[in-house]
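Comments concern the structure below.
Sequence lines set the chain letters: A, B, ... in the order given, protein chains first and strands last, and positions in each chain run from 1.
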2 protein chains.
Amino acid sequence: MLSKKTKYGLKALTYIARSEEDAPVQVSAIAKNENIPQKFLESILLTLRKAGILGSKKGKHGGYYLRYEPSEIKMTDVMRVLEGPIAMVPCVSLNYYEKCDDCPDEHKCSVHKLMVEVRDSTLKVLRNTSLADLSNIDL
Amino acid sequence: MLSKKTKYGLKALTYIARSEEDAPVQVSAIAKNENIPQKFLESILLTLRKAGILGSKKGKHGGYYLRYEPSEIKMTDVMRVLEGPIAMVPCVSLNYYEKCDDCPDEHKCSVHKLMVEVRDSTLKVLRNTSLADLSNIDL
DNA sequence: TATTAATCCTATCAATTTAGTAGGGATTAC
DNA sequence: GTAATCCCTACTAAATTGATAGGATTAATA
């Protein structure tokens, strides 16, 4: 299951990408328009800022803005920040590899084999999709 | 994250597929050889049996066996039984569709769009992989 | 400079899910 | 009849999720 955190985060990014008017977008506006609990959303956008995807401006007329062009914000990056590793098991994770305690030999493990394939196919999609793809309304 | 339940279930199925000797395989043997807590494994195999993937024989010399040829047991089926829907959000689930409470229009939802693609690519892998593929040792 | 509107930060919490454990019942081979 | 095996229900500790609460900090502007 995709967490609400990731879901909300993606929606917020899309919202910001769509309303590029050179002015930062306020959390309150996103929360209202996308039906997201504001306080929860605050913490999510904070995470995205700390990860370098969003920038922020404090104080009156402050808000959040994209640090890069939508086409440069890959879904792999967003998903890793919000949802964690792409791989479904640590033993096939590219960035957060960890050996399984059970499982003497990884190369003979059937789960490993399957999860490598799932990871690769998911990666392919996420690498080839950017925020720009999500934000274009035209279907 | 893949649950331990699914992981253990896959390992158990592989174990059974590999040791086809016309005799049912005991939970204790699987648990021991695959480093799985026996009682936990019991409940997992029970689930697989109720789902029609495994058959069982009670009493002395009893155990579990595959109801179909390994090549006929698709990963889509196993994953749905153990892990639940393939889709990461209910609104893109083929078998367990559910509308999101937020999200007025699904077709304009960026998350929906992305998750359809992820689902399709995962499905492709799981549909094309059978227990036979997992069980063959030769890499 | 005082006010207001924002982000920023920490702490807390209820509900759910996960990963088991415990204990015994039912069935079958020998 | 005894031992081995699956079957079933109930319970539980720990982790995760999806928030909420309360305020600190910062900046625009009247």
Nearest whole angstrom, please: distance from the C1' of C:dA29 to the NZ of B:Lys60.
-> 6 Å
Select from B:Val27 and A:Leu2 the residue whose nearest nucleotide in DNA chain D is closer to the 5' end of that strand.
-> B:Val27
Across the strands shown, which category fits B:Lys58 at heavy-atom distances under 4.0 angstrom: base, sugar-phosphate, nothing?
-> sugar-phosphate
Does a side-chain N or O from B:His61 land closer than 4.0 Å to OP1 or OP2 of C:dT28, or not?
-> no
Interatomic distance, B:Gln38 CD vs C:dG20 C1' [rounded to whole Å] = 14 Å
Value in whole Å for how far the C1' atom of D:dC7 lies from NZ of B:Lys39 = 9 Å
To the nearest Å, give me how far apart CG (B:Leu54) and C1' (D:dC6) are.
-> 12 Å
Take atom CE of A:Met1 and atom C1' of C:dT17, then tell me their distance rounded to the nearest Å.
-> 12 Å
Indicate, with a heavy-atom threshold strictly under 4.0 Å, whether A:Lys7 touches base, sugar-phosphate, or nothing.
-> nothing
Value for OH (B:Tyr64) from CD1 (B:Ile53), rounded to nearest 0.5 Å, stands at 13.0 Å
Measure from the side chain of B:Lys57, starting at C-beta and using heavy atoms only, and say which of C:dC9, C:dA29, D:dT29 lies closest.
-> C:dA29
Is the closest side-chain heavy-atom distance between B:Ile16 and B:Ile30 below 4.5 Å?
-> yes
Check whether any side-chain N or O of B:Tyr64 sits under 4.0 Å from OP1 or OP2 of D:dC7, and answer yes or no.
-> yes
If you measure from the Lys or Arg side-chain nitrogens to the Asp or Glu carboxylate oxygens, is any gap between B:Lys11 and A:Asp102 under 4.0 Å?
-> yes
Side chain proximity check, A:Asn95 to A:Ile86, heavy atoms < 4.5 angstrom | no
Interatomic distance where CD belongs to A:Glu42 and P belongs to C:dA5 [whole Å] | 15 Å
To the nearest Å, give me how far apart CD1 (B:Ile36) and C1' (C:dT18) are.
-> 16 Å
Shortest non-hydrogen separation from A:Leu10 to A:Met75 and the atoms involved | CD2-SD, 3.7 Å
Is B:Lys4 touching bases, backbone alone, or none of the nucleic acid, heavy atoms closer than 4.0 Å?
-> sugar-phosphate
Between D:dG18, D:dC7, C:dT28, which nucleotide gets closest to the side-chain atoms of B:Ser56?
-> D:dC7
Counting just side-chain N and O atoms, does A:Arg49 come under 4.0 Å of either OP1 or OP2 of C:dC8?
-> yes
DNA chain C: 5'-proximal contact among A:Gly62 and A:Lys50 (nearest heavy atom) = A:Gly62
Check every atom of C:dA6, C:dA19, D:dC6 against the side chain of B:Ser3 and return the nucleotide holding the closest atom.
-> C:dA19
Could you tell me the separation between the CD atom of B:Gln26 and the P atom of C:dA29, rounded to a whole number of Å?
-> 13 Å
